[in-house]
Protein chains: 2
Amino acid sequence: MGTTERKRRQKQPLRERILDAARLIVTRDGFAALSMRKIADAIGYAPATLYLHFDSRDQIVRALCAEGYAQLLERFAPLAAIADPAERLKGLCRTYVAFGIEHPQSYRLIFMEDQPHTDAAFAGTAQAVDDSSDTASGLIARSLAQMKTAGRLPASADAAAWAEALWATLHGIVALHLMDATFPRTPLDTLVDTALDAWFGSAREPTSAAPSAAGVALDVPAALAPKRRSAKRPTAKPKAAQP
Amino acid sequence: MGTTERKRRQKQPLRERILDAARLIVTRDGFAALSMRKIADAIGYAPATLYLHFDSRDQIVRALCAEGYAQLLERFAPLAAIADPAERLKGLCRTYVAFGIEHPQSYRLIFMEDQPHTDAAFAGTAQAVDDSSDTASGLIARSLAQMKTAGRLPASADAAAWAEALWATLHGIVALHLMDATFPRTPLDTLVDTALDAWFGSAREPTSAAPSAAGVALDVPAALAPKRRSAKRPTAKPKAAQP
DNA sequence: GTCTATAGTCAGATAGAC
DNA sequence: GTCTATCTGACTATAGAC
């Protein structure tokens, strides 16, 4: 074990530098502009060296993506403590949108470009309603289910369908904004609130209990250390060339 | 003029064949797989020949995109005749989603990949509320404004914000589905209806502010003919390479 | 571990012969 | 109008010297 440990530790520094450089390029120029050459140039190594630490460009991309997704979940984590499901949901929605705006390239990769990872993000959706899964979708679905139980959704409502539609709304807001910066003429926060009001009737008369609209601190300080938990399955997909 | 006409007509056949081939490739393999060489191979010409009819690959892509957008507007056209704004809006929403599902590659290009065209699609959004603009967003915004006038939206609602949020929902549904075919576990039509019901209260009980003015359908003058205006400024953007 | 050198592909676009 | 031939440049990934 000691030997293995030491070996791994020797490798880490360069691996980190590769990821750092890759993150910089991606953040600045987008994922399409990421190439092994550019990374190598950025850290002052030859392209071939990168292959000692990553099997392929794709593996680097996946590592960055996993990082971004972990960040999103970290942002969600403190919200789980909010007892009122409506308030929690509001916080989740705002945090989701804020994340997309603040980390456009990560968001693009996770939800707009890389199908495998989009699939992964959706994986838990199905049973998430009663499961306390820690996926983005699971958290939203769970809050909605609780709200239905609390009678804040129409009895006829299908909580799972609402969760899907609500997520679509959030994704649509972020995705359209990332495609065209002028998109929401309405301020983003206002737009999210508009959507929430439309869905849950805050603008409508509060039938039973009027939530006093306790302001959710939507700025989660995020003491997040960029987690480097890289993707586990190598899943070397050697690019099926089509003749 | 006669000479110009004749020249243009001589060019058209091959131009069409180029576009046909390009459309096929794009529909089958996606936009990323579209290359001048593949088009040339498909129609049995040399790559260089394509440049007699198009300045660049980008111009071909734009032509396909304009085509797709015109198709979307054509699908919308007959819906303008629906007098009841709520019914019209429902039709618009379903049509929008259906188009995205049926023409995934066109949708991707217009709204998910090509920023210039996404920008163009959004261009009319601003004044569209009182304008009978023939953009996709304009049609939705106009219907919503009419619904508000008819009292079917909360008086406090900002019709423009609702329009943006509703569009985001539709886009989110389509975009997520295109990224992951398993996305809406709920059937697509059901999901759209769920959103519409939640937003406009068909499912809610008409407690106090009932849609009393059920028949207050504002008629719509806008007879928008399926405009074929392909609207393209060549805008040759020769790909700014970044050194 | 790291490098140089290179293989092998693909791409967009152009020159100039026919 | 159309072709062949080529320029230019991007990329991933590998082999083998140091």
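Letters go in sequence order (proteins before strands), and every chain restarts at 1.
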Calculate the interatomic distance between [X] atom [atom1] and [N] atom [atom2]; express it in whole Å.
X       : N      : atom1 : atom2 : value
A:Ile43 : C:dT2  : CD1   : P     : 9 Å
A:Met36 : C:dT2  : CE    : P     : 14 Å
B:Leu14 : D:dG1  : CG    : P     : 9 Å
B:Asp41 : C:dC10 : CG    : C1'   : 13 Å
A:Leu34 : D:dA10 : CG    : C1'   : 14 Å
A:Phe54 : D:dA13 : CZ    : C1'   : 16 Å
A:Tyr51 : C:dA7  : OH    : P     : 17 Å
A:Arg17 : C:dG1  : CZ    : P     : 13 Å

request  = Inspect the contact between B:Arg94 and B:Asp193 and indicate whether a charged nitrogen and a carboxylate oxygen are less than 4.0 angstrom apart.
outcome  =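 A salt bridge links B:Asp193 with B:Arg94.
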salt_bridge(B:Arg23, B:Asp20) N-O dist < 4.0 Å =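 Salt bridge present between B:Arg23 and B:Asp20.
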ask   = What's the verdict on salt bridge (Lys or Arg N to Asp or Glu O under 4.0 Å) for B:Arg62 and B:Asp58, showing C-alpha distance, side-chain angles and the deciding distance?
value = CA-CA 6 Å; B:Arg62 284 181 198 290; B:Asp58 213 56; 3.0 Å; yes
key: B:Gln105-B:Thr27 side chain donor-acceptor pair, cut-off 3.5 Å   =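 The criterion, which ignores hydrogens and geometry beyond distance, is not satisfied for B:Thr27 and B:Gln105.
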request  = Report yes or no: do A:Tyr69 and A:Tyr107 form a side-chain donor-acceptor pair below 3.5 Å?
outcome  =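 Looking only at side-chain atoms, A:Tyr107 and A:Tyr69 do not form any donor-acceptor pair under 3.5 Å.
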Could you go over nucleotides 3-6 of chain D and give all protein N or O partners under 3.5 Å, atom names and distances?
unit_1 : atom_1 : unit_2  : atom_2 : d
D:dC3  : OP2    : B:Ala46 : N      : 2.9
D:dC3  : OP2    : B:Thr49 : OG1    : 2.6

query = From C:dA13, C:dG1, D:dA13, pick the nucleotide closest to the side chain of A:Leu52?
reply =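 Shortest atom-to-atom distance from the side chain points to C:dG1.
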task = Compare all side-chain heavy atoms of A:Arg75 with those of A:Tyr96 and state whether any distance is below 4.5 angstrom.
result =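 In short, these two side chains do not touch, never coming nearer than 4.5 Å.
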